[in-house]
Amino acid sequence: MANAASGMAVVDECKLKFLELKAKRIYRFIVFRIENYEVVVDRLGSPEETYDDFTASLPPNECRYAVFDFDFTTNENCQKSKIFFIAWAPDTSKVREKMVYASSKDKFKRELDGIQVELQATDPSEMSLDIIKARAL
């Protein structure tokens, strides 16, 4: 169902793949794109893929939404995991595209129950592994 504010619909596959990432952990990350006024799955990252693989999968000149399942060890030596929602809007992307992604982000994020940390990035330095680690702790 399209959202009246943004006119954007979320394809059921997006929610299904997110649930599989969250519950079954069969994906390390999911990249989403907006296509024909719908949010669709763009790429699925296998559990063996790294954060570098994830960042390399984001196009340098186009906006995307993404979720990343980040595993880390706390200062108390406990293994934990947090699911990051990343709104990727590079400075080099088209203004209209940035506006569409920005206006649809909150509705889309609400569809993905279980997001623990949100990050917005306009260039790779704003979502470096150091920033991810700092936001996870």
Side-chain angles (χ1 to χ4, degrees):
M1 185 64 59
N3 175 3
S6 70
M8 208 57 55
V10 178
V11 175
D12 286 342
E13 181 193 19
C14 294
K15 295 179 257 188
L16 178 69
K17 296 299 181 193
F18 178 75
L19 286 172
E20 290 175 348
L21 175 141
K22 184 172 85 167
K24 299 179 185 172
R25 307 198 71 190
I26 56 176
Y27 306 113
R28 172 66 54 204
F29 62 86
I30 307 170
V31 178
F32 305 94
R33 74 177 184 278
I34 294 176
E35 181 178 275
N36 299 323
Y37 301 101
E38 291 183 324
V39 180
V40 298
V41 173
D42 188 46
R43 184 167 188 280
L44 298 168
S46 69
E48 299 79 38
E49 292 191 70
T50 65
Y51 190 72
D52 288 337
D53 296 324
F54 163 65
T55 56
S57 74
L58 296 172
N61 301 320
E62 295 175 25
C63 298
R64 293 290 188 271
Y65 300 128
V67 290
F68 185 83
D69 188 4
F70 181 64
D71 293 324
F72 63 99
T73 305
T74 66
N75 296 334
E76 294 80 34
N77 210 25
C78 294
Q79 284 295 116
K80 291 214 170 187
S81 168
K82 284 205 175 162
I83 297 175
F84 279 74
F85 178 88
I86 299 169
W88 172 245
D91 288 330
T92 53
S93 61
K94 294 182 177 124
V95 173
R96 174 151 173 69
E97 184 183 28
K98 286 190 255 195
M99 289 172 56
V100 168
Y101 273 79
S103 67
S104 305
K105 180 185 68 146
D106 288 339
K107 179 197 185 289
F108 178 58
K109 202 175 80 171
R110 278 194 301 274
E111 299 279 345
L112 307 179
D113 185 38
I115 299 290
Q116 294 161 304
V117 183
E118 180 184 341
L119 199 64
Q120 289 188 229
T122 59
D123 74 69
S125 69
E126 295 178 343
M127 51 183 265
S128 68
L129 190 55
D130 289 339
I131 290 172
I132 296 292
K133 287 177 182 173
R135 294 287 303 272
L137 294 173

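Numbering of residues begins at 1 and proceeds along the displayed sequence.
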Undergrad: Please round to the nearest 0.5 Å and tell me the distance separating atom CG of Asp42 and atom SG of Cys14.
TA: 10.0 Å
Undergrad: Hey, does Leu119 have a side-chain heavy atom less than 4.5 Å from the side chain of Ile132?
TA: yes
Undergrad: How far apart are the closest heavy atoms of Glu38 and Val11, and which atoms are they?
TA: OE1-CG2, 3.7 Å
Undergrad: For the backbone of Cys78 and the side chain of Thr74, can you confirm whether one donor and one acceptor N or O come within less than 3.5 Å of each other?
TA: yes
Undergrad: Is Glu118 salt-bridged to Lys109, going by a charged N under 4.0 Å from an acidic O?
TA: yes
Undergrad: Less than 6.0 Å separating the ring centroids of Tyr27 and Phe29?
TA: no
Undergrad: Taking all non-hydrogen atoms of both residues, which atom of Val100 and which atom of Tyr65 are closest, and how far apart?
TA: O-OH, 4.3 Å
Undergrad: Compute the ring centroids of Phe84 and Phe68, then answer whether they are less than 6.0 Å apart.
TA: no
Undergrad: Just so I know, are the side chains of Arg96 and Tyr101 near enough to count as touching, which here means a heavy-atom distance under 4.5 Å?
TA: no
Undergrad: Cut-off 3.5 Å, side chains only: do Asp69 and Ser81 have a donor facing an acceptor?
TA: yes
Undergrad: Does the side chain of Val31 reach to within under 4.5 Å of the side chain of Leu58, using non-hydrogen atoms?
TA: yes
Undergrad: Between atom CD1 of Ile30 and atom CD of Glu13, what is the distance when rounded to the nearest 0.5 Å?
TA: 9.0 Å
Undergrad: Taking Gln116's backbone N and O only, do any of them form a donor-acceptor pair with Lys82's side chain (distance below 3.5 Å, no angle check)?
TA: no
Undergrad: Do the side-chain N and O atoms of Arg64 and Ser57 include a donor-acceptor pair separated by under 3.5 angstrom?
TA: no
Undergrad: As an exercise, state the distance from CE of Met99 to SG of Cys63, rounded to the nearest 0.5 Å.
TA: 11.5 Å
Undergrad: Are Ile26 and Val41 connected in a single hydrophobic cluster, I mean Ile/Leu/Val/Met/Phe/Trp/Tyr linked by side-chain heavy atoms less than 4.5 Å apart?
TA: yes
Undergrad: Quick check: closest heavy atoms across Lys105 and Ala87, and the distance to 0.1 Å?
TA: CD-CB, 3.8 Å
Undergrad: Which word best sums up how the rings of Phe72 and Phe70 line up, parallel for under 30°, tilted for 30 to 60°, or perpendicular for over 60°?
TA: parallel
Undergrad: Within a reach of under 6.0 Å around CG of Asp113, are more than 12 heavy atoms found that belong to other residues, nucleotides or ligands?
TA: no
Undergrad: Going through the distances and angles, do Asp71 and Arg25 end up as a salt bridge (charged side-chain N to carboxylate O under 4.0 Å, His left out)?
TA: CA-CA 11 Å; Asp71 293 324; Arg25 307 198 71 190; 2.5 Å; yes
Undergrad: Using the ring-ring contact (aromatic ring centres under 6.0 Å, His included) rule, pick out the option among Phe85, Trp88, Phe108 that qualifies with Phe32.
TA: Phe108
Undergrad: Would you mind reporting whether Thr122 and Lys98 have side-chain heavy atoms less than 4.5 Å apart?
TA: no
Undergrad: Can you see which heavy atom on Lys15 is nearest to which on Leu112, and at what distance?
TA: CA-CD2, 4.4 Å
Undergrad: Quick one: do the Ser93 and Glu62 side chains pair a donor with an acceptor below 3.5 Å?
TA: no
Undergrad: I'd like to know if the side chain of Thr92 reaches the main chain of Pro60, judged simply by a donor and an acceptor atom lying under 3.5 Å from each other, with no hydrogens or angles considered.
TA: yes
Undergrad: Got Thr73 and Lys80 here, is their nearest side-chain heavy-atom distance under 4.5 Å?
TA: no
Undergrad: Which atom pair, heavy atoms only, marks the closest approach of Ile83 to Leu21?
TA: CD1-CD2, 3.9 Å
Undergrad: Please evaluate residues Phe54 and Met127 with respect to the criterion side-chain contact (heavy atoms from CB on, under 4.5 Å), reporting the C-alpha separation (whole Å), side-chain torsions for both, the decisive distance (0.1 Å), and the verdict.
TA: CA-CA 11 Å; Phe54 163 65; Met127 51 183 265; 3.8 Å; yes
Undergrad: So with a 6.0 Å cut-off around CG of Asp12, is the heavy-atom count from everything else above 12?
TA: no
Undergrad: Where is the tightest heavy-atom contact between Pro90 and Pro59, given as atom of each residue plus distance?
TA: CG-O, 4.2 Å
Undergrad: Would Thr50 and Asp52 count as having a side-chain donor-acceptor pair, cut-off 3.5 Å?
TA: no
Undergrad: Same cluster for Ile34 and Val40 if Ile/Leu/Val/Met/Phe/Trp/Tyr side chains link at under 4.5 Å?
TA: no
